[in-house]
Amino acid sequence: MGKVIVVTSGKGGVGKTTSTAALGAALAQNGDKVVVVDFDVGLRNLDLVMGAERRVVYDLVNVIQGEAKLTQALIRDKRVETLYLLPASQTRDKDNLTPEGVEKVIAALKTAFDWVICDSPAGIESGATLAMRHADIAIVVTNPEVSSVRDSDRIIGLLDSKTVKAEKGERMDKHLLLTRYEPARAERGDMLKVDDVLEILSIPLLGIVPESMDVLRASNLGSPVTLADGASAPARAYFEAARRLKGDALPITVPGEKRGFFGKIFGRKAA
Amino acid sequence: MTNVLTQPRPIRLKGRSFLALALTPELPFEDWLARLDDLAARSAGFFLRRPVVLDVDGLDTNRAELRELIGELGKRNVRIMGIEGARPSMLGSDMPPAMTDGRPASDFEEPGGEEADETDAPLSAAPAQPLSGSVVPSIVVTEPVRSGQSIFFPEGDVTIVGSVASGAEVVAGGSIHVYGTLRGRAMAGTRGDGAARIFCSKLEAELIAIDGFYKTAEDMEPDLRGRAVQIWLDGEKVNTGILG
């Protein structure tokens, strides 16, 4: 039985879709069978980031409404053969997602895949609550700034009350993925520090992804950053996060701290 | 002539809950009013001087009909203090205000009704917990209070082992203890207990209030930020002191 992950944040534009694609590809590159599911009905993006926008025939809403079979809607990635995409509908709206339909689809995907990664829409309305409803694990994507942190806090509250796990009285496994982290700005105090965010949200840290042009470049190429340039800093951060998801206890490095150390050495040499 | 606006004392804003009789009208209103008249005939003055809330949740009605119903009830000396479950479009500025978050209490006994068998006595009429003077009820919350969440405990003290996030609130009839950072709002002594206090390991609060006297983050002394603090009421003055 596979594990269901929801990638959520409350706030938009923090990197949910990028992280879904990057983590999905990273897990699949290790040989795990992975499906990434786009729940952002009406504003889908995951197909673009995965580079599959020209191959979408059927989507999640078609499957839920019984117009297509699940196997017809799944799109296999051309680069990693254990990676699949279940796209969202761009023409329908979120009301087409029914709780019963979503439950059925997730249950079917769980039996066929090791990881079912749901890309949640922004907000706290039905689309977002349906995306998180059947999750075993939640990845809360947060930027180091106050509005994103507060929205994430709100989402964590919902994860602890509105999910099937929470209703059964079980604990939802929650992880913090800090994205768009800029070491230089954090050092200047323009951004919240990692410790501050962790103190406010008090959930374990899955990884810190630095802000990087590589992410934008990869998105525009239609490729998860972990596939486009595996050696780039954000890709390495996602690979490590994927390993932590599988249970590896890797130490977390705060981007910039290492460079800060070298910077000091070079600074002294120059002086 | 100039108006000098001094602010000697802030306005007191307090929350208080009361028990009201909730009436649930049914459509068509004429028939329901007839049944009400029947009830009133058997017990004159049942509604007299009682606070009554009209629960119209799920009723397919409109503002005109609702206004007429309130008028009809007024003729029968039933004065409506609020309306529950109405859509905003159903309420006018001349009508009683909308009420939310009502909590069920034990049923009012219908007056003059048929004598009910002793065995049929409603179980919901359990007497309220007797409060002895020495024991203050309290609750302990062991999870962080997240943004958007509200801990509401008018019966007594609230202890939170964890932080209260920005955008979260804790409302207690007694004192509030936060073993963590208080970033949201804390309102203690909301039932008029001026002796209630607020304690926190780290003060970053948006608003604190005791017995309706409040202070916003702007009014708090800046050197208290980030410190372990207790807050109490001295007369009408909100005092803050550093702990330990």
Side-chain angles (χ1 to χ4, degrees), chain A residues 6 8-12 14 120 122-126 128-129 132 138-163 165-176 189 191-205, chain B residues 87-88 100-101 103 139-153 158-172 176-187 198-208 216-218 220 222 224-229 243:
Chain A
V6 60
T8 185
S9 71
K11 195 173 182 297
V14 295
S120 169
I124 54 173
E125 283 76 40
S126 70
T129 46
M132 68 170 69
I139 296 177
V140 180
V141 182
T142 306
N143 293 165
E145 46 103 12
V146 284
S147 55
S148 173
V149 171
R150 181 152 83 181
D151 290 1
S152 292
D153 196 58
R154 181 92 168 87
I155 280 288
I156 295 170
L158 293 181
L159 287 166
D160 283 334
S161 61
K162 292 274 172 82
T163 52
K165 266 209 149 178
E167 282 168 11
K168 279 199 273 182
E170 293 168 30
R171 272 199 78 84
M172 165 76 78
D173 206 2
K174 299 173 291 279
H175 299 275
L176 175 69
M191 263 185 172
L192 287 178
K193 293 203 177 68
V194 176
D195 287 344
D196 294 341
V197 179
L198 283 175
E199 206 263 315
I200 294 173
L201 295 179
S202 52
I203 56 171
L205 186 61
Chain B
R87 291 188 303 277
T100 52
D101 296 331
R103 288 183 299 164
I139 53 165
V140 177
V141 179
T142 53
E143 301 274 299
V145 186
R146 304 285 181 184
S147 184
Q149 289 177 339
S150 174
I151 306 286
F152 185 74
F153 189 67
V158 175
T159 305
I160 290 156
V161 188
S163 294
V164 178
S166 158
E169 66 175 12
V170 181
V171 182
I176 296 172
H177 308 255
V178 181
Y179 294 93
T181 310
L182 173 59
R183 295 194 177 83
R185 304 166 149 230
M187 286 169 259
I198 299 170
F199 304 85
C200 62
S201 322
K202 202 173 166 194
L203 181 77
E204 301 279 349
E206 290 161 353
L207 182 141
I208 48 163
T216 59
E218 284 207 332
M220 288 177 219
L224 293 174
R225 300 234 132 229
R227 307 288 297 267
V229 162
L243 283 170

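Each chain gets a letter, A, B and so on, in the order the sequences are listed, and its residues count up from 1.
- With a 6.0 Å radius and a threshold of 12 heavy atoms from other residues, nucleotides or ligands, B:Y179 has its OH atom at or below the threshold.
- Only the side chain of B:S163 comes within less than 4.5 Å of a heavy atom in chain A; its backbone stays farther off.
- Taking both residues in full, the closest heavy atoms of B:R146 and A:I203 are given as NH2-CG2, 3.9 Å, listed atom of the first, atom of the second, then distance.
- When B:S166, B:G180, B:G148, B:A165 are compared by the number of non-hydrogen pairs under 4.5 Å with chain A, B:S166 comes out ahead.
- Contacts of residues 142-155 of chain A with chain B at a heavy-atom distance below 4.5 Å involve A:R150, A:D153, A:R154, listed in sequence order.
- B:T181 and A:E199 make their closest contact through OG1-OE2, 3.4 Å (heavy atoms, listed as atom of the first residue, atom of the second, distance).
- Residue B:E218 qualifies as open at atom CD: its count of foreign heavy atoms under 6.0 Å is 12 or below.
- Proximity to chain A (any heavy atom under 4.5 Å) is restricted, for B:E143, to the side chain, taken from C-beta onward.
- Comparing A:D160, A:L201, A:L158 by heavy-atom pairs within less than 4.5 Å of chain B, the highest count is held by A:L201.
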